Number of protein chains: 2
Amino acid sequence: MTTQEKKDKFVQSWGSIGSNWGINRTMAQIHALLLVSSKPLSAMEIKNELQISVGNANMNIRALIDWGLVHKELIPGQRKEFFIAEKDMWEVVKRVVIQRKKKELEPILRLLNDVGEVDAKDKDEEEFAKVIKDLELYSNKVDSTLDRLINADSNWFVGTFMKMIR
Amino acid sequence: MTTQEKKDKFVQSWGSIGSNWGINRTMAQIHALLLVSSKPLSAMEIKNELQISVGNANMNIRALIDWGLVHKELIPGQRKEFFIAEKDMWEVVKRVVIQRKKKELEPILRLLNDVGEVDAKDKDEEEFAKVIKDLELYSNKVDSTLDRLINADSNWFVGTFMKMIR
DNA sequence: GTGAATTTTCAATAAATTCAAAAAGTGAAA
DNA sequence: TTTCACTTTTTGAATTTATTGAAAATTCAC
């Protein structure tokens with residue numbers, strides 16, 4: 001496999017991996033394309049490379065910017081906008097964690113908050129109360145762990161942290 | 001809100017939370033229903049409670065059993081099968097982690113394995129090589145951390161672990 | 001063993017999501 | 001102020017995924 005073939009395979013596969021991640025295929029492909037590109041690309045170049053429509057390219061580029069995975073890069077004297085991917089993988093990991101926490105964990109915390117304390121009046125209800133209580137316990141632990149992760153630096157995660165729990 | 005209302009709200013909301021999790025609405029609702037029920041339920045009771053078809057109920061019950069979140073419970077003298085949810089929340093967390101690792105992380109590891117080493121012949125390709133190398137680093141770290149989580153016990157996660165990284 | 005009760009399978013359909021094309025908007029330069 | 005290059009939004013078509021309904025297979029109480 002030549003390096004170019006590897007790049008192509010990466011873009012292609014990243015697209016299908018994305019769909020297991022709740023990220024649509026095009027969004028993941030654009031991300032991959034920008035990741036493997038050494039220079040900023042314009043919306044036009046992205047659309048041509050991936051053979052997608054302008055609209056589709058635009059929407060997914062915006063979404064990537066929202067996620068903080070892609071930045072605009074303005075080139076002086078050019079009206080056109082260019083885009084560049086966040087290549088610091090630690091930053092990428094954190095951005096993804098932030099989004100997924102928002103989408104997946106926070107609704108659970110909200111639900112638990114809405115439901116509030118369950119005052120069990122009999123044996124039956126006690127079981128329900130326990131489910132809620134435990135769920136709360138683990139959700140909060142996961143929440144604070146992720147917050148810590150988001151605020152931590154890469155070395156903490158890759159180095160110290162791993163040694164500590166080995 | 002009465003306890004019954006809380007149960008209903010929980011079942012309802014767990015369904016929509018599920019869909020943010022790559023778990024379909026019905027599967028999550030059945031899970032929630034069994035979680036809040038103090039006695040085992042039959043497929044028929046589940047189908048009636050959630051107003052879904054037999055086929056749908058059956059398929060999603062099977063999926064929950066595959067995930068290890070629900071068990072059969074046979075009542076002597078009864079032909080019918082009854083189902084009961086895994087109520088140990090730590091076990092639930094682990095089961096979900098196992099499934100998501102399979103679906104989300106493992107494809108990335110496979111891709112990286114397929115792509116292999118990138119031998120960068122110029123400055124441009126070096127950037128690509130670095131993206132792949134870093135991605136490999138973090139994917140492996142996440143992988144081993146999750147493996148450890150899966151094999152750990154609840155106290156490790158809730159207690160010691162949290163103190164260590166505080 | 002038989003047959004009613006129950007579970008499983010699967011083709012048809014419905015619903016949700018993704019995507020492309022076209023229309024509308026924006027703002028810089030002529 | 002008009003045009004041009006580009007961006008954004010909207011819409012409906014295509015694709016994918018979930019659900020139903022009904023037939024087929026299985027099970028076990030009798």
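This one's a predicted model, so the numbers in the text were calculated from it and none came from an experiment. So that the names make sense, note that chain A is the first sequence line, chain B the second, and so on, each numbered from 1.
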Exercise. Between C:dC10, C:dC19, C:dT8, which one does the side chain of A:Thr26 approach most closely?
Worked result: C:dC19
Exercise. So which one's nearest nucleotide on DNA chain C is more toward 5', B:Gly55 or B:Lys80?
Worked result: B:Lys80
Exercise. Hey, does B:Ile17 have a side-chain heavy atom less than 4.5 Å from the side chain of B:Phe10?
Worked result: no
Seminar exercise, completed: Atom CD1 of A:Ile52 and atom C1' of C:dT18 are separated, to the nearest Å, by 12 Å
For this session: Check whether the side chains of B:Glu45 and B:Ser42 place a donor and an acceptor atom closer than 3.5 Å, and report yes or no.
Result: yes
Problem set entry | Between C:dT18 (C1') and A:Ile61 (CD1): distance, integer Å | 17 Å
For this session: Check the distance between C:dC10's P and B:Arg62's CZ and give it to me in whole angstrom.
Result: 15 Å
Exercise. Got B:Phe83 and B:Ile30 here, is their nearest side-chain heavy-atom distance under 4.5 Å?
Worked result: no
For this session: Flag yes if more than 12 heavy atoms outside B:Glu49 fall under 6.0 Å of its CD atom; otherwise flag no.
Result: no
Problem set entry | Nearest to side-chain heavy atoms of B:Ala43, which nucleotide of C:dC19, C:dG27, C:dT7 | C:dT7
Exercise. Taking atom C1' of C:dA20 as reference, at what distance in whole Å does atom CZ of A:Arg25 sit?
Worked result: 13 Å
Seminar exercise, completed: Rounded to whole Å, the CZ-C1' distance (B:Phe82 to C:dT6) equals 12 Å
Exercise. What is the distance, rounded to the nearest whole Å, between atom CE of B:Met59 and atom P of C:dT9?
Worked result: 10 Å
For this session: Report the C-alpha distance between B:Asp8 and B:Gln4 in whole Å, list the side-chain angles of each, state the deciding distance to 0.1 Å, and finish with yes or no for side-chain hydrogen bond (donor to acceptor under 3.5 Å, both in side chains).
Result: CA-CA 6 Å; B:Asp8 291 346; B:Gln4 187 55 48; 3.1 Å; yes
Exercise. B:Lys6 side chain to A:Glu117 main-chain N or O, any donor-acceptor pair under 3.5 Å?
Worked result: yes
Problem set entry | Distance-minimising heavy-atom pair for B:Glu73 and B:Pro40 | OE2-CG, 3.7 Å
Problem set entry | Span of DNA chain D in contact with chain A (heavy atoms, under 4.0 Å) | D:dA5 to D:dT10
For this session: Measure the distance from CG on B:Asn56 to P on C:dT8 and round it to the nearest whole Å.
Result: 14 Å
Exercise. Atom CG of A:Asn58 to atom P of C:dT26: distance rounded to whole Å?
Worked result: 14 Å
